[in-house]
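A note on names: the letters A, B, ... follow the listed sequences, proteins ahead of strands, and every chain is numbered from 1. Source: prediction; values computed, not measured.
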Protein chains: 2
Amino acid sequence: MQTPDLDQLDIAILACLQADARTIAETIGAKVGLSAAAVQRRIKRLREAGVIEREVAVLSPQALGLSMTFVVMVEMERENLAVLDAFRRQVLGDDCVQQCYYVTGSADFVLIVTCPDMAGFETFTRRMFFDNPNVRHFTTSVAMDRVKVGLNLPLGP
Amino acid sequence: MQTPDLDQLDIAILACLQADARTIAETIGAKVGLSAAAVQRRIKRLREAGVIEREVAVLSPQALGLSMTFVVMVEMERENLAVLDAFRRQVLGDDCVQQCYYVTGSADFVLIVTCPDMAGFETFTRRMFFDNPNVRHFTTSVAMDRVKVGLNLPLGP
DNA sequence: GCTGAAATGGCCTCACT
DNA sequence: AGTGAGGCCATTTCAGC
């Protein structure tokens with residue numbers, strides 16, 4: 001990543017695309033005051049520059065039977081690189097883990113986990129935590145409501 | 001949401017689209033063993049049924065100068081509906097807040113926050129927490145690494 | 001260099017089989 | 001569900017600013 005000189009037009013285009021990637025160039029052009037061709041040229045440039053990392057379909061967790069979300073704070077036994085890396089790999093390979101952050105503070109990792117039900121989550125905790133001697137402690141919070149699920153980054157000043 | 005009878009072909013199509021929403025129907029068809037038109041018919045159905053909620057561009061936080069991510073646990077003063085709803089609205093209107101979950105446990109809310117820098121986060125904490133008498137306590141964890149940022153839901157059995 | 005207008009080409013859509 | 005005609009949209013080209 002090297003060239004993030006984005007003008008206001010780029011920002012406006014990005015705002016449209018992160019709201020709806022299927023917005024046609026003509027519509028965007030009308031909003032930002034550019035021709036459709038110019039919009040598409042900029043989109044192509046933004047893709048190649050990596051400002052637009054990818055374009056994805058957002059699926060409904062409910063429709064897929066994944067109605068439960070959990071926030072889990074994980075504290076590791078000893079913070080050496082090998083242990084942390086092993087846990088990273090385990091997290092990356094587990095489909096239940098939607099997100100994982102390696103953080104400062106009392107916990108080492110924060111996980112956002114989705115499961116079909118409570119039983120699924122128990123199976124998850126077993127394979128992820130109880131079977132892992134390097135996990136000292138974990139704290140689970142059940143998400144009663146997803147107030148905000150951020151896919152959009154704040155744009156503009 | 002009422003009609004989640006998805007067969008294996010639907011699942012396979014969804015897997016393609018949540019990896020890359022720009023995958024053309026012909027390519028998907030070759031993978032799953034269907035004609036392009038059949039794939040598009042299914043995609044249309046999945047969109048109308050709400051299984052595909054939307055299609056969005058994923059932007060690079062770095063490219064937009066949002067290099068810092070925080071996990072914040074928030075504890076409210078008194079858990080009455082008015083206070084909680086007010087906080088919800090505040091969260092929804094704040095661009096720094098990427099995600100927010102209302103959870104069980106010692107904390108009431110878990111926030112995922114992105115800011116350009118530490119100063120930006122301090123400004124955020126002031127307007128969101130210190131200026132809010134209903135916030136009893138909050139704990140910040142700085143994300144040193146985004147190990148996994150889940151946009152993909154686990155598909156299949 | 002970036003823009004807008006027009007021509008080309010690709011993909012989606014729809015009617016029909 | 002597959003096939004093919006039609007239409008829409010992205011892409012390229014070219015001239016102008």
List for me each residue that meets salt bridge (charged side-chain N to carboxylate O under 4.0 Å, His left out) alongside Arg127(A), sequence neighbours excluded, and say none if there are none. Asp94(A)

Base-paired stretches in DNA chain D with three or more consecutive Watson-Crick or G-U pairs, both distances under 3.5 Å, amount to C:1-17 with D:1-17

Run the side chain to side chain contact (heavy atoms under 4.5 Å, CB included) check on Ile52(B) and Leu59(A) step by step: do they pass? CA-CA 5 Å; Ile52(B) 298 176; Leu59(A) 309 183; 3.8 Å; yes

Salt bridge present between Arg47(B) and Glu55(B) (N-O < 4.0 angstrom): yes

Who are the side-chain contact (heavy atoms from CB on, under 4.5 Å) partners of Asp145(A), not counting sequence neighbours? Val147(A), Arg88(B), Tyr102(B)

Below 4.0 angstrom, which residues in residues 29-41 of chain A have at least one non-hydrogen atom near DNA chain D? Ala37(A), Gln40(A), Arg41(A)

Is it true that, when you exclude Arg126(B) itself, more than 12 heavy atoms of the residues, nucleotides or ligands shown sit nearer than 6.0 Å to its CZ? no

Does dT3(C) have OP1 or OP2 sitting under 4.0 Å from an N or O in the side chain of Arg42(A)? yes

Phosphate OP1/OP2 of dC14(C) contacted by Lys44(B) side-chain N/O (<4.0 Å): yes

Run Thr69(B) and Ile112(B) through side chain to side chain contact (heavy atoms under 4.5 Å, CB included) and show every step you take. CA-CA 7 Å; Thr69(B) 302; Ile112(B) 307 290; 4.0 Å; yes

Residue pair Val83(B), Glu77(B): steps toward the side chain to side chain contact (heavy atoms under 4.5 Å, CB included) verdict: CA-CA 9 Å; Val83(B) 166; Glu77(B) 194 58 61; over 6 Å; no

Rounding to an integer number of Å, can you tell me how far [X] [atom1] sits from [N] [atom2]?
X: Arg45(B); N: dC14(C); atom1: CZ; atom2: P; answer: 13 Å
X: Arg47(B); N: dT13(C); atom1: CZ; atom2: C1'; answer: 12 Å
X: Glu55(A); N: dC11(C); atom1: CD; atom2: C1'; answer: 16 Å

For a 4.0 angstrom threshold against heavy atoms of chain A, report the outermost contacting nucleotides of DNA chain D in 5' to 3' order. dC9(D) to dT13(D)

Considering only heavy atoms from C-beta outward, does the side chain of Ser141(A) approach that of Val72(A) to under 4.5 Å? no

Just to verify, what does Gln98(A) make a side-chain hydrogen bond (donor to acceptor under 3.5 Å, both in side chains) with, not counting sequence neighbours? none

Do the side chain of Lys148(B) and the main chain of Cys100(A) share a donor and acceptor less than 3.5 angstrom apart? no

Measure the acute angle between the ring planes of Phe124(A) and Phe129(A), then classify it against the limits of 30° and 60° as parallel, tilted or perpendicular. perpendicular

